[in-house]
S.K.: 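Sharing a structure below in structure tokens format, with a few things to ask.
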Amino acid sequence: MKNLNPDSVRGTALEPTFRDIAERLEQATGGALPAAEVQLTVAPEHTGADLALACFPLARSLRKNPAQIAGELADAIAASPAVARAEAAGPYLNLSLERGALCERVVAAARERGSSYGDSERESGQRVMVEYVSPNTNKPLHLGHVRNAVLGRAVARLVASQGAEVLKTDIINDRGIHIAKSMIAYRDFAAGETPQSSGEKGDHFVGRWYVRFDQELRAERRRWDEQKGLDAAALEKLDTRKREQLDEEFQQQSELMQSARALLQQWEAEDPEVRELWRTMNQWVYDGFAQTYELLGIDFDKHYYESDIYRGGREIILDALERGVFEKAPNGAVIAPLSKHGNLQDKVVLRGDGTGLYITQDINLATIKFEEFQLTRSLYVIGSEQDFYMKQLKATLELLGVPWASEVHHLSYGMVYLPEGKMKSREGTVVDADDLVHELRAMAREELEQRLGDGGERPPDEELERRALAIALSAITFNFLLVGRETDIQFDPRSSLAFEGKTGPYLQYTGARIASILRKADEAGGWSAPSPLVLESDAEWRLVQAVALYPLAVADAAQSYDPARLATALFELAQSFNALYHDHRVLDAEEPQRSSRLALLEAVLAVLRGGMGLLGIEALEEM
RNA sequence: GCGCCCGUAGCUCAGCUGGAUAGAGCGACAGCCUCCGGAGCUGUAGGUCAGAGGUUCGAAUCCUCUCGGGCGCACCA
């Protein structure tokens, strides 16, 4: 149930109503329930009331049973001009609000503020960085990246809506053994082919060589196994430890792996030829990524490149070692003794040979971020598979004693599984981001064609394409954002690609319907909102409530970094509108109902558009 | 082996810090276009909330155990 409390209603149209009720409750309880601590919930449907107060918690301090308390409070609250009816239902105090004034305030607020309705200043003065997507530059973006991208964008917008200054960034993992692999395969097998010559998108092109490397490596492995007299059946029988040993042994002596490692060393030694190839191939990937981001509508304020920062972090760590915060292992490696300060395992932060690890550069990058931008908070949108690592990173930063360590937050999100299980790019069982969008766009285009059939003028092809893309993207975006951030997703192509039911297109359709009505009203000579508004039906009241509660949903989603809270609220708003639409006429209603409803629809459309915008969905005027 | 997470309708998921009769979408079934956009609306069926204990006035929610699944576990990224 949604909660109304002094903070959540602050600055909203509900605030005066809430404050009046809260003050009366404080008085009626003789201060046992201070106004500042009042928590009202939205009353369940079957009660017929709007808000409710559970009286159990008061029983102790007032030394009465909850039902009796509810009864006594009902009398006190009934006197409020904001309340139409107050009655006890067992231990609950149910309140029905005086609708008139509230409708007026809610509708006016949404119409006046338009798409910024729901914004607040809770986070003003905060400077927040959101790191998201952060791809490797050896293969194209896939479904997992899409979830990350869509989530990161929505979180960034939500946090910004609360008044914070937001910086979007990614760390591009552009070096390392995985990059060396695609370079080796390209150098040895591509015979000078390029994305241009093959007519392929750069990231897909490079990804193909990454896969090729893996194929060649497997072939090498098979030959190796054969030499050792190991067939599939024999391998099958080995226990995991033995198998890992074999894997390790193979990796060590593999020719391909050796050349990949050699290449990586050349890269680190800044061998000009290797660097040149690396730059060329990375550029192909960046060009490909740029197209995908453009398609999805994803952007960044600042890119960080692993190749720029991977050497850093040593000084910080050595300094901590000197201060006695970190410890030295027998072989010279530096470890963060996390087990002494919590229940985490110790973490090696610098190798025995003095070279850095992933966490070394992560410490470096975290520092760079806070120093470069004077951040007050740093958010990392990274999958739940990294939960443990991210805990270690944060604990390590805390150990280092940097003042901002507590402002590093891991926005963990659930994995994306296909019907056949986990995606593995090397095995080709991935849903490619570009393919996904193109496929859905084609489906949306087909739907559009079908619906265009009977009469009316046909929009130009360009426009139809634009709409098809917006519809497709709304489907993808909403599908990912509707489920809780931390929930693993079973990506079922059938339901995930649907346009009906609880989907992005449903929101689009609802918005387009409302826009259409408002357009017709303008064409019919315009209108202006009457005062007072005449909104008497329950269906209208439900819509007003949804509009009134919208800012609470935005704040809730922003504070929990979970756009699903908002996505759900928007869907329910759309449902309420569609229900109203079904049995209430708007354009040919009598005045003052007609213009009252138009005003309400304008408010609803503002919410729908604003909310979709926060989720990263472009609302269409027409479908 | 250890750690973290999860198990709610046939399927996919909500259920926010414990609170009233556990909800939605899809699927199934039955309806609704002389009417503002049917990508819509209305209704029906479908639940021992994995199981067993416990705490509480009250548990899907908190604790313990069992079963089932996922992810991760030091000098990979």
Side-chain angles (χ1 to χ4, degrees), chain A residues 1-3 39 41 43-47 52 54-57 59 65-66 89-92 94 136 173 175-178 306 310 329 331-336 338-339 343-353 355-362 383-389 391-392 412 414-415 417 422 444 447-448 450-451 471 479 482-484 486-492 494-496 498-510 512-518 520-521 556 559-560 562 564-565 567-568 571-572 575 578-579 581-589 601 622-623:
Chain A
M1 251 130 281
K2 288 149 199 158
N3 277 329
Q39 287 243 357
T41 59
E45 185 83 40
H46 66 89
T47 58
C55 297
F56 304 96
N65 74 61
Y92 295 92
N94 288 335
N136 292 346
N173 300 115
R175 51 133 252 136
I177 194 71
H178 53 290
E306 189 183 337
Y310 83 104
N331 70 346
V334 179
I335 53 181
L338 304 180
S339 59
N343 47 5
L344 292 169
Q345 292 166 28
D346 292 352
K347 182 74 183 170
V348 175
V349 290
L350 209 55
R351 284 197 190 93
D353 63 8
T355 58
L357 288 85
Y358 194 77
I359 194 169
T360 317
Q361 68 150 3
D362 247 356
S384 61
E385 56 200 339
Q386 308 249 35
D387 282 356
F388 184 70
Y389 170 74
K391 273 185 198 163
Q392 286 186 315
S412 175
M415 322 254 322
Y417 295 100
K422 198 178 178 180
E447 291 281 327
L448 282 173
Q450 277 175 22
R451 285 155 217 273
I471 291 165
N479 190 257
L482 185 63
V483 307
E486 302 203 63
T487 305
D488 290 343
I489 289 182
Q490 305 295 328
F491 189 83
D492 173 16
R494 207 179 44 245
S495 65
S496 303
F499 293 152
E500 288 168 12
K502 214 166 180 175
T503 65
Y506 177 85
L507 296 186
Q508 292 283 21
Y509 179 71
T510 305
R513 253 182 166 180
I514 297 173
S516 164
I517 294 171
L518 292 172
K520 287 190 168 126
D556 185 26
Q559 279 162 5
S560 58
D562 190 356
R565 309 280 178 87
T568 303
F571 175 73
E572 285 169 359
Q575 259 187 330
N578 282 313
Y581 175 89
H582 185 72
D583 39 34
H584 292 273
R585 305 289 302 169
V586 177
L587 290 176
D588 40 15
L601 291 201
E622 289 177 79
M623 267 178 94

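Quick caveat, the model's predicted, so the values are computed rather than measured. In what follows, chains are A, B, ... by sequence order, proteins preceding strands, each numbered from 1.
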S.K.: Taking only N and O in the side chain of A/Ser516, is any of them less than 4.0 Å away from OP1 or OP2 of B/G37?
M.R.: yes
S.K.: Hey, does the side chain of A/Lys391 come within less than 4.0 Å of B/G3's phosphate (OP1/OP2), counting only N and O?
M.R.: no
S.K.: Taking only residues two or more places apart in sequence, or in another chain, which ones meet A/Arg585 in a side-chain contact (heavy atoms from CB on, under 4.5 Å)?
M.R.: A/Asp588
S.K.: Is the phosphate of B/G38, meaning OP1 or OP2, less than 4.0 Å from a side-chain N or O of A/Arg513?
M.R.: yes
S.K.: I'd like the C1' distance from B/C6 over to B/A50, given in whole Å.
M.R.: 11 Å
S.K.: Let me have a per-nucleotide readout for nucleotides 6-11 of chain B, 5' to 3', with B, S or -, counting only protein heavy atoms under 4.0 Å.
M.R.: ------
S.K.: Going by 5.5 Å between centroids and 30° between planes, is there a stack of A/Tyr581 over B/G40?
M.R.: no
S.K.: Using a 4.0 Å heavy-atom cut-off, does A/Phe499 contact any base of the nucleic acid, only the sugar-phosphate backbone, or nothing at all?
M.R.: base
S.K.: Can you sort out the partners of A/Asp346 under side-chain hydrogen bond (donor to acceptor under 3.5 Å, both in side chains), two or more places apart, ordered by chain and number?
M.R.: A/Ser339
S.K.: Please state how far atom CZ in A/Phe571 lies from atom C1' in B/A14, giving the value in whole angstrom units.
M.R.: 11 Å
S.K.: Picking from B/A14, B/G37, B/A24, which would you name as closest to the side chain of A/Glu622?
M.R.: B/G37
S.K.: Given B/G19, B/A20, B/G40, identify the nucleotide with an atom nearest to the side chain of A/Phe56.
M.R.: B/G19
S.K.: In which stems does RNA chain B show up, taking only runs of three or more Watson-Crick or G-U wobble pairs whose two distances fall under 3.5 Å?
M.R.: B:1-7 with B:67-73, B:10-13 with B:23-26, B:28-32 with B:40-44, B:50-54 with B:62-66
S.K.: Checking A/Thr510 now: which residues fulfil side-chain contact (heavy atoms from CB on, under 4.5 Å) with it, not counting sequence neighbours?
M.R.: A/Tyr506, A/Ile514, A/Ala574, A/Phe577, A/Asn578, A/Leu608
S.K.: Considering only the P atoms, how many Å lie between B/A9 and B/A60, rounded to the nearest integer?
M.R.: 14 Å
S.K.: State which residues pass side-chain contact (heavy atoms from CB on, under 4.5 Å) with A/Asn136; sequence neighbours excluded, sorted by chain then number.
M.R.: A/Asn138, A/Lys139, A/Asn173, A/His178
S.K.: Grab the CD1-P distance between A/Ile471 and B/G40 for me, whole Å please.
M.R.: 12 Å
S.K.: Walk along nucleotides 69-77 of chain B from 5' to 3' and tag each nucleotide B, S or - by protein heavy-atom contact under 4.0 Å, base first, then sugar-phosphate.
M.R.: -SSSSBBSB
S.K.: Given B/G37, B/G19, B/C35, identify the nucleotide with an atom nearest to the side chain of A/Tyr92.
M.R.: B/G19
S.K.: For A/Ser384, give me all partners under side-chain hydrogen bond (donor to acceptor under 3.5 Å, both in side chains), at least two apart in sequence or on another chain.
M.R.: none
S.K.: Considering residues at least two apart in sequence or located in another chain, which fulfil the side-chain hydrogen bond (donor to acceptor under 3.5 Å, both in side chains) criterion with A/Tyr389?
M.R.: A/Asp362
S.K.: Applying side-chain hydrogen bond (donor to acceptor under 3.5 Å, both in side chains), can you list everything that pairs with A/Asp583, at least two apart in sequence or on another chain?
M.R.: none
S.K.: What N/O pairs connect the protein and nucleotides 31-34 of chain B at under 3.5 Å? Give each pair on its own line.
M.R.:
none

S.K.: Please tell me which of the listed nucleotides, B/G19, B/A14, B/A24, lies nearest to the side chain of A/Thr487?
M.R.: B/A14
S.K.: Out of B/C13, B/A20, B/U42, which nucleotide sits closest to the side chain of A/His46?
M.R.: B/A20
S.K.: Mind checking what makes side-chain contact (heavy atoms from CB on, under 4.5 Å) contact with A/Ala579, not counting sequence neighbours?
M.R.: none
S.K.: Provide the distance between the two P atoms, one in B/G18 and one in B/A59, to the nearest whole Å.
M.R.: 13 Å
S.K.: Atom CD of A/Glu572 to atom C1' of B/G15: distance rounded to whole Å?
M.R.: 11 Å
S.K.: I want to check one thing: is the phosphate of B/G25, taken as OP1 and OP2, less than 4.0 Å away from some side-chain N or O of A/Thr503?
M.R.: no
S.K.: Going by the glycosidic torsion and a 90 degree boundary from 0, is the base of B/C33 oriented syn or anti?
M.R.: syn
S.K.: Taking the C1' atom of each, how far is B/G72 from B/A14, in whole Å?
M.R.: 28 Å
S.K.: Of the nucleotides B/G40, B/G25, B/A14, which has the atom closest to the A/Glu500 side chain?
M.R.: B/G40
S.K.: If you check every side-chain atom of A/Gln575, which of B/A14, B/A24, B/C35 has the closest atom?
M.R.: B/A24
